[in-house]
Number of protein chains: 2
Amino acid sequence: MITIDYTDRRPLYEQIADKLAKLMLSGVFPPNEKLPSVRSLATELSVNPNTISRAYSELEREGYIYSVVGRGSFVSGTDAIIDGEKAKLTEQIQEEIKKAVSLGILREELEKILDEEYKEG
Amino acid sequence: MITIDYTDRRPLYEQIADKLAKLMLSGVFPPNEKLPSVRSLATELSVNPNTISRAYSELEREGYIYSVVGRGSFVSGTDAIIDGEKAKLTEQIQEEIKKAVSLGILREELEKILDEEYKEG
DNA sequence: TAAGTGTATTAAGTTACTTAATACACTTAT
DNA sequence: ATAAGTGTATTAAGTAACTTAATACACTTA
């Protein structure tokens, strides 16, 4: 479900939180769905439970999930926020692509990046 | 000339290299201009000379500057600087596209932006 | 009651970054 | 020639964030 990329410079908890967020946004974990328990996900990823706990804390702080002692962690509905972020990010990307064009970066270069990032991962 | 932002999560050498790069691109340091010496900039920023040395090494690796023992460090020609800037912008775009993917933005949306910006004319 | 849940604490280990103190070979100015 | 200034390299030590490890607690569920 999640694979850890050890070439990634970011801390594990951040990387795991990001991938979980992506899974939630892609619908693998719909709103109110129960996430894997801290201990089970730690075992699955061969990582310390504290690391998962921190990843979940970050996700909770960002509004993606909510956790209840004794019950588990659950996906919260964040669709409105996400739509806003999408629009903002899209504008940002367009600005950077404008800079790329003026610097003479070829479209093929950017297509190559799209191939990488939209590969599955 | 340069101020250090201690809320920035990146390492000092990277932050300093970035700001120097921007100064070069904005023309504050024209091609072939002599940069501050490792020791003087270290003193000015209250930072260890090794940290400046590493920042300069990064800039040299990226083609922004060239260094000569006994003489100093100098801004490279415009072409080299632009190459460095291209590399940096490409990295930035890749980061944003990563975010786009995790937000569920479809590839087609980004292709549409590319169509707009790379339209001939 | 037993097992599973999130959360908290303390300790130890790891890694990258940073500082510090030197040293070297070289260039420039005196 | 001498002194000062240059980039670069090395070794050591310190710092901070991250990670692992071992427990413990309060709670919920089967």
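A note on names: the letters A, B, ... follow the listed sequences, proteins ahead of strands, and every chain is numbered from 1.
- For B:E60 (side chain) and B:S67 (main-chain N/O), a donor-acceptor pair under 3.5 Å exists by modelled atom type.
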- Evaluate salt bridge (Lys or Arg N to Asp or Glu O under 4.0 Å) for B:E111 paired with B:R107, printing each intermediate quantity in order. CA-CA 6 Å; B:E111 293 286 359; B:R107 176 166 184 162; 3.0 Å; yes
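- Put simply, the side chain of A:T90 gets close to the backbone of A:K86: a donor and an acceptor are under 3.5 Å apart.
- Near DNA chain D, meaning a heavy atom under 4.0 Å from it, residues 4-12 of chain A has A:P11, A:L12 in order of number.
- Where DNA chain C pairs in unbroken runs of 3 or more (Watson-Crick or G-U, both distances under 3.5 Å), the stems are C:1-30 with D:1-30.
- Residues meeting the salt bridge (charged side-chain N to carboxylate O under 4.0 Å, His left out) test with A:R71, sequence neighbours left out: none.
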Tabulate protein N/O versus nucleotide N/O from nucleotides 27-30 of chain C, keeping only pairs under 3.5 Å, one per line.
unit_1	atom_1	unit_2	atom_2	d
C:dT27	O4'	B:G70	O	3.4
C:dT28	OP1	B:R71	NE	3.0

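- In terms of the salt bridge (charged side-chain N to carboxylate O under 4.0 Å, His left out) criterion, B:D83 has no residue partners (sequence neighbours excluded).
- B:Q94 pairs by the side-chain contact (heavy atoms from CB on, under 4.5 Å) definition with A:I113, A:E116, A:E117, not counting sequence neighbours.
- Near DNA chain D, defined here as any heavy-atom distance below 4.0 Å, the residues from residues 44-59 of chain B are B:N50, listed numerically.
- With sequence neighbours excluded, the residues forming a salt bridge (charged side-chain N to carboxylate O under 4.0 Å, His left out) with B:E58 are B:R61, listed by chain and number.
- Closest of all the heavy-atom pairs between B:I16 and B:I4 is CD1-CD1, 4.4 Å.
- Identified under the salt bridge (charged side-chain N to carboxylate O under 4.0 Å, His left out) test for residues 34-55 of chain A, with sequence neighbours left out: none.
- For the pair B:Y13 and C:dT18, the criterion of a side-chain N or O lying under 4.0 Å from OP1 or OP2 is not met.
- With hydrogens and angles left out, the side-chain atoms of B:S40 and B:T43 include no donor and acceptor closer than 3.5 Å.
- Taking a heavy-atom distance under 4.0 Å as the criterion, the stretch of DNA chain D touched by chain B extends 5' to 3' from D:dG5 to D:dT10.
- Along DNA chain C, the nucleotide nearest A:P36 and the nucleotide nearest B:R39 are compared for position; the residue whose nucleotide lies closer to the 5' end is A:P36.
- The side-chain contact (heavy atoms from CB on, under 4.5 Å) check on B:R10 picks up B:D8, B:E14, B:Q15, B:D18, with sequence neighbours excluded.
- Of the possible donor and acceptor atoms, one in the side chain of B:K19 sits under 3.5 Å from a partner among the backbone N and O of B:T3.
- With values rounded to the nearest 0.5 angstrom, B:L23 atom CG is found 6.0 Å from B:F29 atom CZ.
- Checked by atom type and distance alone, the side chain of A:Y13 never pairs as donor or acceptor with a backbone atom of A:S57 at under 3.5 Å.
- A distance-only check finds no donor-acceptor pair linking the side chain of B:S76 to the backbone of B:I81 [under 3.5 Å].
- Side-chain contact between B:Y64 and B:V75 is absent, with no heavy-atom pair separated by less than 4.5 Å.
- At a threshold of 4.0 angstrom between heavy atoms, the contacts of A:E60 are confined to the sugar-phosphate backbone, with no base atom among them.
- Side-chain contact check for A:L20 versus A:L41: some heavy-atom pair is nearer than 4.5 Å.
- Taken from CD1 in A:I105 to CD1 in A:I97, the straight-line distance is 10.0 Å, to the nearest 0.5 Å.
- The stretch residues 16-24 of chain B has no heavy atom under 4.0 Å from DNA chain C, so no residue of it qualifies as close.
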